[in-house]
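Report on the structure given below.
So you know, we letter chains A, B, ... as the sequences are listed, proteins then strands, and number each from 1. Computed from a prediction, not measured in an experiment: that's the story for all the values here. The figures that follow rest on heavy atoms only: side chains count, while hydrogens, waters and symmetry mates do not.
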Number of protein chains: 2
Amino acid sequence: MDDPQPVRRPGGRSARVSAAVHQAVTELVGERGYGSFTVSDVADRAGVADSSIYRRWGSLDKLLTDVTQTRLKARSPMPDTGSLAGDLHALAANVAREITGPDGLAVLRLTVALTGNGEQGLQARDDFLAERARLLQSVLDRARARGEHPPDTLTVLDHVMAPMYIRVLFGATPLTPDYVKGLVDRLL
Amino acid sequence: MDDPQPVRRPGGRSARVSAAVHQAVTELVGERGYGSFTVSDVADRAGVADSSIYRRWGSLDKLLTDVTQTRLKARSPMPDTGSLAGDLHALAANVAREITGPDGLAVLRLTVALTGNGEQGLQARDDFLAERARLLQSVLDRARARGEHPPDTLTVLDHVMAPMYIRVLFGATPLTPDYVKGLVDRLL
DNA sequence: CACTAACGCAGAAAAAAACTGCGTTAGTGC
DNA sequence: GCACTAACGCAGTTTTTTTCTGCGTTAGTG
């Protein structure tokens, strides 16, 4: 029996639509939080027809899942400066820059929102946190291998990441380099 | 000219409806975040008729504002144990207990969600944070007056409050007393 | 260049949300 | 208690939003 097996077209226009939609979702999550917008909103923002979204993703839920998965896979580069202090400073600065940008805020928001959004949400959130922890872990491990005495993973999360996250989430001050540096220095 | 001046009835049933509605809003915010539910949702949850909400509050916005205002006014008791260490431990424990409960999570979520929800939202958020900061400030001032050397307000917020907030928001571990104690001890 | 996947447009269909009329229940003052 | 009526619940109606589909057009791909 002949199976039509349609020829996919992942390039050109399709790719642009995909990118625009992802971007739009990210922006909307950043601006209005999770679950406060519709397919039409996304389509308008992306400059795309509603039908394109419905046909490609089927529903808003599936779209959001797709976006989240994709975003969380985009990992930040792992610093390697040769010293624990250097690595931590670099890592902190990276994270600060990342969550300060509009996209980063969206991811943070998304992560918070996902907590308590059923199975799928929890999974996505755990992936995000695990990724962060793993990145940090390798920096600390490397330091230990060099004979340094790095702080605990949780300690770094609590006293470097948490303050930055909270400040961003609460829309407070803009995370100056000095501030970030101070957070790290306090642990060394 | 005669002004009817209707006789209000703040007791009994009205009070129960009011309480149920407030409770419902709090729960819904905790579960689904800000702006992801409707008047009907609230009414159903509260076991109340839609019309009761429409007539009393007029719109969902006004209802949310009302609930937020009311909640933020319910301030936590200010500890006074006689020493900086005692006060901070007590304060931290209070906050931990507060944000661990279901209502507390809702308030936290609300606060995060309010960031980027226009005028009104920002105002409510600032009120919340200001209240927290003020409470802490007075503890620190009192310590200073006794001749102790308390840490900075922001330091406490960053290294005691932020870690707890983040852990709750990210749905991680359950804030054991030992953990909370450790956060405070680290500053003294 | 032929073929057709993927798109945009416009509008129908469905769902959800907001709001209202009306009879009933139950606070409040006497 | 009793009269008075504020506040309520029920059962719609109206309005708005959101989803989804038919059809002609555009532009990847071999």
Open item on the list: side chain to side chain donor-acceptor pair (under 3.5 Å), that's the test. Do Asn94(B) and Glu98(B) meet it? Break it down for me.
Closed with: CA-CA 6 Å; Asn94(B) 271 351; Glu98(B) 190 178 313; over 6 Å; no

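- With rounding to whole Å, Lys62(A) atom NZ is found 14 Å from dT19(D) atom P.
- DNA chain D is contacted by Asp50(A), Ser51(A), Tyr54(A), Arg55(A) of residues 49-56 of chain A, taking any non-hydrogen atom closer than 4.0 Å.
- Not one N or O on the side chain of Arg132(A) forms a donor-acceptor pair closer than 3.5 Å with the backbone of Leu157(A).
- For the pair Met161(B) and Ile99(B), the minimum side-chain heavy-atom distance is 4.5 Å or more.
- Residues Leu88(B) and Leu188(B) form a side-chain contact, since some pair of their non-hydrogen atoms from C-beta on lies under 4.5 Å apart.
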Open item on the list: Counting Watson-Crick and G-U wobble pairs with both distances under 3.5 Å, what is the dot-bracket string for DNA chain D, 5' to 3', using [ ] for crossing pairs and | for pairs to another strand?
Closed with: ||||||||||||||||||||||||||||||

What side-chain donor-acceptor pairs closer than 3.5 Å can you find for residues 37-47 of chain B, not counting sequence neighbours?
from	atom 1	to	atom 2	distance (Å)
Thr38(B)	OG1	Ser40(B)	N	3.3
Thr38(B)	OG1	Asp41(B)	N	3.3
Thr38(B)	OG1	Asp41(B)	OD2	3.4
Ser40(B)	OG	Asp50(B)	OD2	2.9
Asp41(B)	OD2	Arg32(B)	NH2	3.0
Asp41(B)	OD2	Thr38(B)	N	2.9
Arg45(B)	NH1	Glu27(B)	OE1	2.7
Arg45(B)	NH1	Glu31(B)	OE2	3.1
Arg45(B)	NH2	Glu31(B)	OE1	3.0

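- Across all their heavy atoms, Asp158(A) and Pro163(A) have their closest contact at O-CD, 3.2 Å.
- In this structure the side chain of Trp57(B) never reaches within 4.5 angstrom of the side chain of Thr65(B), judged on heavy atoms.
- Between Asp141(B) and Arg144(B) there is a salt bridge, since a side-chain N of the basic residue sits under 4.0 Å from a carboxylate O of the acidic one.
- Less than 4.0 Å separates DNA chain D from no heavy atom of any residue of residues 41-48 of chain A.
- Closest approach of Ala92(B) and Met164(B) over heavy atoms only: O-CE, 3.8 Å.
- Taking atom CG of Asp61(A) as the reference point, atom P of dT18(D) lies 15 Å away to the nearest angstrom.
- Nearest-nucleotide assignment on DNA chain C puts the 5′-proximal partner with Leu60(B), out of Leu60(B) and Ser14(B).
- Here His159(B) pairs with His159(A) under the ring-ring contact (aromatic ring centres under 6.0 Å, His included) rule; sequence neighbours left out.
- Heavy atoms of Ser40(A) sit under 4.0 angstrom from at least one base atom.
- Annotation: of the two residues near DNA chain C, Arg13(B) and Val39(B), the 5′-most nearest-nucleotide partner is Val39(B).
- Among all heavy-atom pairs drawn from Asp87(B) and Thr81(B), the shortest one is OD1-N, 2.6 Å.
- In this structure, the side chain of Arg146(B) engages the main chain of Gly82(B) through a donor-acceptor pair within 3.5 Å.
- Only Val17(B), listed by number, bring a heavy atom of residues 16-26 of chain B to less than 4.0 angstrom from any atom of DNA chain D.
- Going from atom NE2 of His89(A) over to atom CG of Leu84(A) covers 9.5 Å, rounded to the nearest 0.5 Å.
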